[in-house]
Amino acid sequence: MLFGSMKKYSAHIDNFKSVIGKKFVITSKWQKEPFISGWRFGRGDALAILKPGNLSELWRLLELCVSNDFIIIMQAANTGLTGGSTPYGNDYDRPIVIINTLRINEIHIINNAKQIIALSGSTLYDLEEKLKPFNREPHSVIGSTSIGASIVGGVCNNSGGSLVKRGPAYTELALYAKLNKEGKLELVNDLGIDLGDNPETILNNLQSKNYKKENIINNDKLASDDKYSEIVRGIDEDTPARYNSDKRLLYGASGSSGKLVVFALRLDTYPKPEKNKVFYLGTNNPDVFWQIRRDVLSKFKNLPTLGDYLHRDCYDAAKKYSKDNFIVIEKLGTSFLPTLFELKRNVDIIANKLRFLPNNFSDRIMQFIGSIFPNHLPERMEQFRDRFEHHWIVEMSDEGIDEAREYFKIFLKKNDGDFFECSTNEGRKASLHRFVSASAIGRYHTLKKKEVGEMMSLDVAFPRNEKEWFEQLPEIIDKQIEKKFYYGHLFCHVQHQNYILKKGVNAKKLKKEILESYNNRGAEYPAEHNVGHEYQAKPSLINFYKNLDPTNTFNPGIGMSSKLKDWK
């Protein structure tokens, strides 16, 4: 136990139980494990995991934690890649309590489904399902939706997403709690809905939908990023299109990284296209994709829906090491994936207690099961894999389909490359294959841990005018790397650069050298993931955190900042 025996805190634990019930206060080491370990990165102990069932319970838990000077880490699905929703290490100066909000999962449809109110634990998957009858979509429709990520988490963590027209998840309309400089808990209603004058009334009215159409205030505050479609078209600008510490998108809950406690957000929704078409492009010359990107963004009347890049080596890794995830999503649907991840974590917890079983036992089981199934990828994709090093999945909608088709026919006839129009099944499989490639790197490293060094995943946004988008590392760096896996969002110039290092290589030193090379090119990082505990937050971002949380009570240490009270 991090801060002494549990007996010392038994009265506090009893107080928590009186608010939410014994069942939803988790203190045993075994049961805490899925909440105190990051999905891919970070781990640390906590006094308790609290799972409130409504907004009023959440408020009362906050009051108890604040009165006892506990650190509070807010958490929903815990699917982040940089450890931003779990403790990191055991060098904090106060006891830590994790509040998991997944039981508070209501979503309210307002303004004729053009906007929604998302309570703190609601998920993108549930939102996507809820909007289907209205023929509308949420901000993200692949990736985060598939792993059960929360709506609030996406906004708080500057989630970028893969959709070219929509930009990072963003809103200026939120209901949240914060601590002022004197350490007093305050509830801030910037939701744009008249819900009452005191916390209990506001929270109860929102939870029970006790508000009318006339209580909804429609002002000039944004519920989405309304500038990104213009910004991404700026192909000659020497700054990135989107990145985590962009001051333009730091506002209240947006980009807050757990430095506030968000009760609800108000967000725009989007009309669903009548038609979609996926085009699969291949080339052996990175300059060909560079020119296509410039032409599409500067000359097309219609922006693409998405444009996801995949290198051949990453294609191969996903085919072999993410086959099981692909099959699970394809056969059982995305709704099963959060259950699978929870089961996987529990299997590994049990295996770690049984010494005769290998580490990461669940990965080894799933890898074996996946290997039994026949090839899951379409024949035309496989042919492109043999022909081309670089792959690009471009999705267009409505009028943009014909525009893209004619352009690709003419351009790729004259240049090194080819394309085909995907059938509905091929398009779905191509997008899913790109999505599951993110998990392939971790699986590869897990299964080959004895043979290779550390794994390093970097998320970088290059300037919009950068021509050398495909990485060419200096020989002194390249010779220290065993394997490189590249994928990303090429229209946005966001790349995910993943490295498996050779045995004995100093990962910390090498990471510093690679990041310095990004600095020299005017790049920003992280691009679309939160800083978590993996990246050092820039001074401007730290100042934003300090203004939100002057006592450093919520999620201290984020962005490699101070973990101590009052930012000492």
Side-chain angles (χ1 to χ4, degrees), residues 160 162-165 167-168 228-244 246 279-300 303-304 306-315 384 387-396 403-404 407-408 410-419 434 457-478 481 484-499 513-528:
S162 61
L163 302 184
V164 180
K165 302 175 189 178
Y228 189 72
S229 59
E230 300 169 26
I231 289 169
V232 76
R233 286 186 181 273
I235 57 172
D236 293 316
E237 300 296 324
D238 61 1
T239 56
R242 56 179 167 95
Y243 53 98
N244 182 267
D246 187 351
F279 297 90
Y280 200 97
L281 283 65
T283 186
N284 291 307
N285 182 356
D287 288 348
V288 169
F289 281 176
W290 172 78
Q291 188 61 55
I292 291 174
R293 174 184 173 273
R294 289 181 64 83
D295 288 347
V296 170
L297 292 178
S298 63
K299 298 176 182 177
F300 274 34
L303 279 174
L306 62 80
D308 278 359
Y309 167 77
L310 194 65
H311 185 265
R312 179 191 277 155
D313 290 347
C314 203
Y315 179 108
F384 264 50
R387 291 173 62 193
F388 300 115
E389 180 182 357
H390 305 285
H391 298 233
W392 199 2
I393 302 157
V394 178
E395 183 176 338
M396 302 296 297
E403 190 175 20
Y407 170 81
F408 293 147
I410 295 168
F411 183 85
L412 290 170
K413 205 172 213 178
K414 301 175 183 176
N415 292 277
D416 171 21
D418 201 355
F419 83 102
R434 208 315 267 143
S457 298
L458 299 177
D459 166 37
V460 58
F462 291 105
R464 285 165 282 172
N465 66 351
E466 174 66 78
K467 185 176 182 181
E468 305 300 324
W469 63 270
F470 184 66
E471 184 172 63
Q472 299 294 330
L473 291 169
E475 185 182 355
I476 193 169
I477 291 178
D478 197 54
I481 298 172
K484 299 188 287 284
F485 300 109
Y486 298 124
Y487 62 91
H489 315 298
L490 196 48
F491 286 115
C492 303
H493 249 358
V494 168
Q495 291 293 322
H496 300 291
Q497 324 261 52
N498 303 275
Y499 313 99
E513 291 173 3
I514 293 174
L515 292 180
E516 188 57 41
S517 75
Y518 294 162
N519 293 338
N520 294 336
R521 296 170 65 188
E524 294 278 357
Y525 51 85
E528 61 177 4

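Everything numeric here is computed off the predicted structure, so don't read it as measured data. Counting begins at 1 with the first residue of the sequence.
- Residues Trp392 and Thr283 form no side-chain contact, since every pair of their non-hydrogen atoms from C-beta on lies 4.5 Å or further apart.
- Between atom CG of residue Leu297 and atom CZ of residue Arg464 there is a gap of 10.5 Å, rounded to the nearest 0.5 Å.
- Taking CZ of Phe388 as the reference point, atom CG of Asp416 lies at 6.5 Å (rounded to 0.5 Å).
- The side-chain heavy atoms of Val394 and Phe419, taken from C-beta on, include no pair separated by under 4.5 Å.
- Because its NZ or CZ atom is both nearer than 6.0 Å to the ring centre of Phe384 and within 45° of the ring axis, Arg387 counts as a cation-pi partner of that residue.
- Side chains of Phe470 and Glu389 form a contact here, defined as non-hydrogen atoms less than 4.5 Å apart.
- Atom OH of Tyr309 is separated from atom CG of Leu281 by 12.5 Å, given to the nearest 0.5 angstrom.
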Please lay out, stage by stage, how Lys165 and Val232 fare under the test side-chain contact (heavy atoms from CB on, under 4.5 Å). CA-CA 8 Å; Lys165 302 175 189 178; Val232 76; over 6 Å; no

Using the rule given for side-chain contact (heavy atoms from CB on, under 4.5 Å), can you reason through Arg242 versus His489, listing the C-alpha separation, both sets of side-chain angles and the distance that settles it, and then say yes or no? CA-CA 11 Å; Arg242 56 179 167 95; His489 315 298; 3.6 Å; yes

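- Residues Val288 and Leu412 come closest through the heavy atom pair CG1-CD2, 4.1 Å.
- The minimum heavy-atom distance linking Asn284 with Arg312 is given by the pair OD1-NH2, 4.3 Å.
- Asp459 places a side-chain N or O within donor-acceptor distance of the main-chain N or O of Glu528, the cut-off being under 3.5 Å.
- Contact record, Glu468 with Glu466: N-OE2, 2.9 Å, taken as the closest heavy-atom pair.
- Between the side chain of Asn498 and the backbone N or O of Phe485 there is at least one donor-acceptor pair closer than 3.5 Å.
- Ring centroid separation for the pair His311 and His390 comes in under the 6.0 Å cut-off.
- When side chains are defined from C-beta on, Phe408 counts as touching Ile292, because their heavy atoms get closer than 4.5 Å.
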Might you work through the side-chain contact (heavy atoms from CB on, under 4.5 Å) test for Ile393 and Tyr280, ending with a clear yes or no? CA-CA 5 Å; Ile393 302 157; Tyr280 200 97; 3.9 Å; yes

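- Shortest non-hydrogen contact noted between Trp469 and Pro286 is NE1-O, 3.0 Å.
- The two residues Ala461 and Pro240 come nearest to each other via the heavy atoms O-CG, 3.4 Å.
- Between Phe462 and His493, the two ring planes are perpendicular [angle over 60°; tilted spans 30° to 60°].
- Considering CZ of Arg434 and OH of Tyr315, their distance stands at 14.5 Å, rounded to 0.5 Å.
- A heavy-atom distance below 4.5 Å is found between the side chains of Lys484 and Leu473.
- Between Val460 and Leu515 there is no side-chain heavy-atom pair separated by less than 4.5 Å.
- The OH atom of Tyr228 sits 12.0 Å away from atom CZ of Arg233, with the distance rounded to the nearest 0.5 Å.
- With contacts defined as side-chain heavy-atom distances shorter than 4.5 Å, the pair Lys299/Glu403 does not qualify.
- Between atom CD1 of residue Ile514 and atom CD of residue Glu471 there is a gap of 6.5 Å, rounded to the nearest 0.5 Å.
- Ring centers of Tyr407 and Phe300: under 6.0 Å apart, within the cut-off.
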Using the side-chain contact (heavy atoms from CB on, under 4.5 Å) rule, take Leu303 and Val296 through it: C-alpha gap first, then chi angles, then the decisive distance, then the call. CA-CA 7 Å; Leu303 279 174; Val296 170; 5.8 Å; no

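- Nearest heavy atoms, Ala241 versus Cys492: CB-O, 4.0 Å.
- With a 4.5 Å cut-off on side-chain heavy atoms, Asp308 and Glu395 do not count as touching.
- Using a 3.5 Å distance cut-off with no hydrogens or angles, the side chains of Asp313 and Tyr486 do not pair a donor with an acceptor.
- One N or O on the side chain of Arg294 and one on the backbone of Ile235 form a donor-acceptor pair closer than 3.5 Å.
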